[in-house]
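Each remark here refers to the structure printed beneath this line.
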Amino acid sequence: MSENIISQEQKRKIDWWKEKGIEPYGRKFLKQDIYQILENQTGEVSIAGRIMGIRKHGKAAFCDISDASGKIQAYLKKDIIGEPLWENFKNLDIGDIVGIQGELFKTHTEQLTILIKNFILLSKNLRSLPEKWHGLKDIEIRYRKRYLDLIMNHDVKNIFITRTKILSLIREFLNNKNFIEVETPMMHPIVGGAQAKPFITHHNALDIDLYLRIAPELYLKRLLVGGMENVYEINRSFRNEGISTLHNPEFTMLEAYSAYKDCEEMINLTEEILIYIIEKIYGKTEFIYQEKNINFQKPWKRILWTDIWKEIGINQWDNYQEVKNKAIEYHLEIEGNENVYDLLDLIFSKKIQTQFIQPTFVIGYPKEISPLAKSYKDNPDITERFELYISGLEVANAYSELNDPVEQEKRFQEEVKKATPDRPKTVDQDYIETLEYGMPPAGGLGIGIDRMVMLLTNSSSIRDVILFPLLKQKT
RNA sequence: GGGCCGCUAGCUCACCAGGUAGAGCACCGCCCUUUUAAGGCGGGGGUAGCAGGUUCAAGUCCUGCGCGGCCUACCA
């Protein structure tokens with residue numbers, strides 16, 4: 001891909017308009033939405049939009065005009081608009097933005113068309129649009145120049161409209177349940193709330209390093225202490241890790257917390273939210289993702305995390321040798337320095353998770369990998385936590401929140417022992433102090449919005465649901 | 001980070017036994033007043049991602065680099 005240079009022809013055209021005394025970049029124009037016109041089908045109309053096609057026929061021409069709401073054909077006749085406007089028209093190109101006034105009629109083929117009586121150039125396009133038939137296919141250009149992707153590829157626009165719709169539906173659902181939407185800091189003095197490498201930035205006036213948040217969790221739970229019983233945030237988190245079809249360095253998460261609830265109630269909430277959205281988007285509780293039908297009719301499958309290991313023949317999930325043998329049996333690549341949790345995660349992500357096509361709650365994760373979750377009363381090694389898998393993708397993570405400050409401090413200290421330079425860990429004393437004031441028992445839920453949008457728009461890459469995914473700069 | 005693939009006109013793509021670059025759309029000129037991938041005739045436009053190498057000769061073969069895609073490794 002090379003930076004294209006504005007051609008002599010295109011410069012000549014700009015000059016042509018200027019010489020005519022017409023500003024090629026116009027101003028406010030009173031327009032109707034094309035969609036409305038297509039609905040009403042009659043009368044004098046005024047529209048504005050981008051010229052997507054021109055078919056000239058001697059001293060007449062057809063144009064396709066498209067705006068945010070739709071696309072309509074316009075017909076131009078020299079003997080109606082007169083010589084001067086006809087000359088102007090000859091200096092329009094595909095891609096120009098114009099305002100048009102005219103009257104609706106139907107062509108011989110019964111196509112609703114605007115008979116142009118007057119038009120005005122509102123913005124000159126100096127670069128030729130991608131090819132009208134094949135459109136813009138180059139994936140790199142589609143991501144780098146998303147505006148072209150949106151102009152040329154109708155489906156792409158729909159994906160982002162659906163994304164916005166999903167976000168409104170989530171807010172609508174939670175607001176109706178008396179949840180309060182809040183905004184918490186994006187810049188954190190201490191890394192917390194998840195296991196991930198953070199981005200580091202610096203505040204000059206305070207002369208301190210700050211971390212872009214990897215999760216909002218600890219701030220949202222401070223709000224539980226403050227008496228907000230149902231809170232949520234939908235916003236970006238940042239993780240300084242690899243980029244893939246499932247990972248973008250900045251991504252959007254929903255985190256919701258509900259006081260006096262627990263993990264089990266978060267399962268209900270998760271089911272309700274998803275079904276609410278899916279029914280509003282699809283009008284039913286199932287849809288196709290990547291050629292597989294996914295059915296959200298309740299009850300959704302539930303499986304205990306500990307039972308997963310029994311099912312594949314591991315008697316003691318915390319028996320390192322037994323787990324390692326299984327990993328070897330599966331021909332998984334291991335380096336030797338993994339602990340038992342690493343190996344379990346490896347087996348899970350390679351061999352187990354991909355099988356959970358239908359919505360599946362995996363319930364009861366070990367304490368060691370769940371530092372913010374409350375343990376079961378009768379089993380201190382396992383926490384009241386679930387992850388939801390759909391089509392092999394981890395979509396949600398939730399648990400009963402640990403609200404015991406003494407226990408939380410111990411857990412933090414264990415985490416600090418696992419810290420690496422890449423993944424700094426600090427005991428968040430301020431958070432411990434917050435818990436010391438008393439946090440109500442609560443359930444917390446996190447949903448990866450981008451992945452959910454992927455599922456609901458049948459997108460195979462996270463880049464297809466993020467308007468401007470991070471790409472390397474071209475040098 | 002590793003593996004595979006791609007990068008040719010603004011866009012979509014050809015040419016690939018190495019012989020000095022083509023088509024369609026877009027753009028320009030002429031003809032055409034109900035087309036819709038409108039049509040007809042003519043025209044302009046390319047340091048073939050970048051840098052080396054092999055060769056009489058490289059878009060084509062080799063090496064390195066850049067960017068991207070897919071797979072793979074870690075976080076959601």
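Worth saying up front: this structure is predicted, and the values here are computed from it rather than measured.
Using a 4.0 Å cut-off between a side-chain N of Lys or Arg and a carboxylate O of Asp or Glu, A:E401 and A:K374 do not qualify as a salt bridge. Salt-bridge check for A:D15 with A:R12: failed, with every basic side-chain N at 4.0 Å or more from each acidic carboxylate O.
In this structure, A:I151 atom CD1 and B:U12 atom C1' are separated by 17 Å, rounded to whole Å. Rounded to whole Å, atom C1' of B:C74 lies 16 Å from atom NZ of A:K418. Going from atom NZ of A:K472 over to atom C1' of B:C65 covers 11 Å, rounded to whole Å. For A:I54 and B:U34, the CD1 to P distance is 17 Å, given to the nearest whole Å. Straight-line distance from the CZ atom of A:F348 to the P atom of B:C74: 14 Å, rounded to whole Å. Rounded to whole angstrom, the span from the CD1 atom of A:I139 across to the P atom of B:C13 amounts to 10 Å. Residue A:N153 contributes atom CG, which lies 10 Å from atom P of B:U12 at whole-angstrom precision. A:K59 places its NZ atom 20 Å from the P atom of B:G39, with the value rounded to the nearest Å.
When both distances must be under 3.5 Å, the Watson-Crick or G-U wobble mate of B:C67 is B:G6. Base pairing analysis places B:G52 opposite B:C62; the two distances defining the Watson-Crick or G-U wobble pair are each below 3.5 Å.
At a cut-off of 3.5 angstrom, counting only N and O atoms as typed in the model, there is a donor on one side and an acceptor on the other between the side-chain of A:D79 and the base of B:U33. Judged by atom type and distance alone, A:Q111 reaches the base of B:U36 through a side-chain donor-acceptor pair under 3.5 Å.
In this structure, A:Y389 reaches neither bases nor backbone, as no heavy-atom distance under 4.0 Å exists between it and the strands shown. At the heavy-atom level, A:D422 lies nowhere under 4.0 Å from the strands shown. Using a 4.0 Å heavy-atom distance criterion, A:L346 is classed as a sugar-phosphate-only contact. Using a 4.0 Å heavy-atom criterion, one finds that A:K77 contacts the bases of the nucleic acid, with or without backbone contacts as well. Using a 4.0 Å heavy-atom criterion, one finds that A:G135 contacts the sugar-phosphate atoms exclusively. At a threshold of 4.0 angstrom between heavy atoms, the contacts of A:I447 with the nucleic acid are absent. Residue A:K56 is in base contact, counting any heavy-atom pair closer than 4.0 Å across all strands shown. Using a 4.0 Å heavy-atom distance criterion, A:G58 is classed as a base contact.
OP1 or OP2 of B:G69 has at least one side-chain nitrogen or oxygen of A:R463 nearer than 4.0 Å. Phosphate contact (OP1/OP2 of B:C71, side-chain N/O of A:T245, threshold under 4.0 Å): present. Distances shorter than 4.0 Å separate some side-chain N or O of A:K13 from OP1 or OP2 on B:C28. Phosphate contact (OP1/OP2 of B:A26, side-chain N/O of A:R55, threshold under 4.0 Å): absent.
Counting non-hydrogen atoms of other residues, nucleotides and ligands closer than 6.0 Å to CD of A:E183 gives a total of 12 or fewer.
Relative ring orientation between A:W300 and A:F361 is described as parallel, the plane-to-plane angle staying below 30° on a 0-90° scale split at 30° and 60°. Ring orientation note: the planes of A:Y219 and A:H188 are tilted relative to one another, at an angle of 30° to 60°.
Contacts between residues 262-275 of chain A and RNA chain B, defined by a heavy-atom separation under 4.0 Å, are absent.
For the C1' atoms, the distance from B:G10 to B:G52 is 30 Å, rounded to whole Å. Nucleotides B:A57 and B:C70 place their C1' atoms 36 Å apart, quoted to the nearest Å.
A donor-acceptor pair is defined here as one N or O able to donate and one able to accept, closer than 3.5 Å; such a pair exists between the side chain of A:E233 and the backbone of A:T184. In this structure a side-chain-to-backbone donor-acceptor pair under 3.5 Å is present from A:D96 to A:N125.
Figure legend: A:R385 and A:Y365 shown as a cation-pi pair, the cationic atom lying under 6.0 angstrom from the six-membered ring centre and within 45 degrees of its axis. The cationic group of A:R163 does not satisfy the cation-pi geometry with A:F160, failing either the under 6.0 Å distance to the six-membered ring centre or the 45° limit from the ring axis.
When distances are taken from the side chain of A:T109 to each of B:U36, B:A26, B:C67, the shortest belongs to B:U36.
Stacking between A:H108 and B:U34 is shown: the ring centroid lies under 5.5 Å from the centre of the six-membered base ring, and the planes differ by under 30°.
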